[in-house]
Amino acid sequence: MAIEFHKDSQTFHLHNAFISYIFKVLPSGHLGQLYYGRAIHDRPDFDHLFETAYRSMSVHYFDGEPAYSLEHIKQEYPTCGTGDIHLPALDAAAPNGSRLLDLHYQSHTIAPGKPPLEGGELPSTYVESPDEAVTLTVTLADALAGVTVDLVYTLYEGLPVLTRHAVIGYTGEGTLRLDRAMSFCLDLPDMDYDLVELTGAWARERHVVTRPLAHGVQGVYSLRGCSSHHFNPFLALKRHETTEFAGEVYGFSLVYSGNFAAQADVDPYHVTRVTMGIHPQGFRWDLHSGERFTTPEAVLVYSEQGLNGMSQTYHQLYRTRLARGEWRDKVRPILVNNWEATYFDFTEEKLLGLAAEAKRLGIELFVLDDGWFTNRNDDHGGLGDWQINYEKLPDGIQGFGAKLHEMGLLFGLWIEPEMVNAGTALWNEHPDWVLHEPGRRPQQGRFQYVLDYSNPAVVDWIFARLCSVLDGVPVDYIKWDMNRSISDAYSCTAASDAQGMVLHKYILGVYRLYRLLTERYPHILFESCASGGARFDPGMLACAPQCWTSDDTDAVERLRIQYGTSFVYPVSSMGAHVAAAPNHQVGRITSLTMRANVAIFGAFGYELDLTALGEHGQDLVARQVAFVKKYRELLQFGTFWRLKSPFEGNEAAWMTVSSDQRTALVGQYLILQEVNAGYRRLRLAGLDPDRLYRVTRLGSGARAAGQPVTAYGDELMRAGLVTTDEDPASEGDFASHLYLIEAAE
Ligand code: DGJ
């Protein structure tokens, strides 16, 4: 791994065993992008890769040199008004109203390691020792405007990963108004890609959508104040022929949980400009002399091993160098959550009955979801005061937690600290702590309003309130929920010229509260949540190592949701529960086995009334729990491979392989049963081709395990695993099988 600066040619070459990223200081002082892709040999210069051409109607930077046009030069961080006529990375207004910016190279530093992002509160990937990465900071400046930009690049040692962000500084008079400050810009020389995005809505998050790039702007975004159910702060560009297993793909992921824009802008000469960052709509950040603004971090991954290769890199990086805290490397406890078991309708007796059954079946953690505080028997009231409901819990949450601990269970608690309901004491005493414009009625979402987390006093108050609830209570796990999109983003306590900062400051406030809570309660396992998966993003993963994937708990729907989520996020981060049948969202009836066979490829738990399952169901749950305990190290931390996409057919499959390649588990799912169907083979991945394995189809429900067979890894990966079902009628729809692959020698 190295970051070279070739002085004579003014060329930067960032390279490790996997990737090269090359740009140079051009004769005009701008940074020109030359190459990003698979590692190539280093050379003193790559000037032959610099291209520009005379194009009619373009403007030229040097008098008399019509071919030198910034519009036609691939750049690292383009601005506007001085020749580049595309959507820029940076757009700012100077005190005189000028939006012209012309950034020139000033200096650079190269240092081992990776410092945290300037400003302190934005989450980012990190290193545990300086030799894991090297960081280049290139400083650009526009002297007339008094603007500096630090472009920060970190190259990881053992991974095809480059992180980027920018820090914008102002040294001029008066105020510089930032209207657009993207985290990075990358100009790629052609457009022969498919754009891959994760899109959806509530209860169908992160479906995989692929479309060929076309000229013009295409991409995804959120303006909801959270990263959203609708789009994820991620996109990938893959070659048309790239598959899950082979071919080139560039991944782009933003470590941010608020409004974002991620886009590819293809010009008529087929140059593809990728940018990603805070969405400019509604964003405005004023910088006074000496102030600086840090953008969120973007994580760029390059893979030549197809989409699986890209995802495995994200999994490894995000699981080990983005997630943090005591729980990062620990297997996750198997939980039961009372939400779909009781909703708001519970008593302590009912909960303890559920807990006792959970304990009997081997479950380790009981999560008390929404409804444990006063005025909370439905979703119309109660949020904000956090007063314990002694009618439901006679000994409070302290007593309830103690009873769970006596039973040998961990205790988990739900909170929704960013919201308030009308009529609560918090609402009555601090009307100016709610996001709204005085004189204008704010919009409700799920009957609640949004607290102004851009105001540090609100965050401090909520922190103190939560501490008074949590101190002395034996809480082991917290589920932090957030159940509405943000509207009325006006802060009553901020100045008129600071309103464009509210949504970014809001999310910084969320990060700060997470930090305060995780510092005070380091042993607590946090799970983030936003009405299911509306904030399943890298920013949240830095705060909480797992996230509730979706409110849709149906096993078939979950195949698609978990498959899409796995494009970026590790299995250990995906909260996945076995829920009741008929399913509460879609009414579908699937077997307990199918439900578990999907959920085990996630942070596993149950979310149904275990006491109502009957002896047979309870026995099966006990066996599932024992199975997950035995294999959860592999399931949560193994290398995950997607094998068959539920977006492409009736069958889905995935597998996870241990790091020593001695053990693997395959999940195979047939959505609708087929009669007299064709033969079925599943080509596996990630095994040692030279190792002999024992392959066992595990028992499912009433069906006994198959007879083990042996096969070499190459055979399983090339010839495939025969999965033709001899008895489809006994399986019915929504059939699933697990295959255990173990080293036979
Ligand atoms: C939305 C979450 O996604 C659910 O799991 C549950 O916690 C409810 N909120 C509670 O109101």
Side-chain angles (χ1 to χ4, degrees), residues 200-206 224-230 232 257 332 335-346 351 354 365-386 389 392 397 411-421 424 444-451 475 477-486 510 525-537 540 544 546-554 557-558 561-562 565 569 573-580 583-586 595 599 602-609:
W202 175 80
R204 55 178 172 85
E205 297 91 335
R206 290 172 297 286
R224 296 171 175 273
C226 58
S227 49
S228 87
H229 298 104
H230 303 73
N232 200 255
S257 312
R332 305 296 156 67
L335 65 81
V336 62
N337 179 308
N338 74 305
W339 179 242
E340 289 197 11
T342 66
Y343 295 102
F344 293 103
D345 181 20
F346 59 81
L351 297 180
L354 180 56
L365 163 66
F366 183 95
V367 180
L368 174 54
D369 210 280
D370 197 353
W372 54 267
F373 41 97
T374 50
N375 296 322
R376 193 68 177 169
N377 291 322
D378 55 36
D379 56 7
H380 285 62
L383 291 174
D385 284 349
W386 305 110
N389 183 336
K392 284 182 177 174
I397 51 170
F411 173 36
L413 194 65
W414 177 97
I415 55 172
E416 188 174 3
E418 296 159 68
M419 300 292 158
V420 63
N421 284 115
T424 54
Q444 275 191 343
R446 206 199 188 192
F447 314 105
Q448 64 202 39
Y449 300 91
V450 185
L451 288 170
V475 173
Y477 159 109
I478 284 181
K479 176 180 176 185
W480 173 327
D481 205 348
M482 189 279 192
N483 279 300
R484 56 161 288 180
S485 301
I486 301 180
V510 170
L525 169 61
F526 278 80
E527 177 156 336
S528 68
C529 172
S531 200
R535 223 164 44 183
F536 205 125
D537 60 61
M540 281 294 111
Q546 58 192 59
C547 179
W548 182 225
T549 311
S550 175
D551 273 348
D552 195 333
T553 49
D554 171 66
E557 296 295 309
R558 274 299 185 117
I561 295 167
Q562 290 175 211
T565 304
Y569 306 99
S573 69
M574 284 187 230
H577 300 170
V578 174
N583 175 265
H584 292 191
Q585 290 78 42
V586 295
R595 283 172 269 159
F604 182 72
Y606 291 84
E607 189 158 336
L608 76 174
D609 185 357

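As the structure lists them, so they are numbered: ligands from 1, and atoms in each ligand from 1.
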Kindly write out the residues that satisfy salt bridge (Lys or Arg N to Asp or Glu O under 4.0 Å) with E557, not counting sequence neighbours, or none if the list is empty.
R560, R588
With sequence neighbours left out, the residues meeting side chain to side chain donor-acceptor pair (under 3.5 Å) with D345 are none
List for me each residue that meets ring pair (Phe, Tyr, Trp, His ring centres under 6.0 Å) alongside W339, sequence neighbours excluded, and say none if there are none.
Y343, F344
R535 and E418 ion-paired at < 4.0 Å:
yes
For ligand 1, protein residues within the heavy-atom limit of under 4.0 Å are W339, D369, D370, W414, R446, K479, D481, N483, C529, S531, G532, W548, D551
Any side-chain donor paired with an acceptor under 3.5 Å for Q585 and T553?
yes
Looking only at heavy atoms, what is the nearest atom pair of S227 and A534, with distance?
OG-O, 3.5 Å
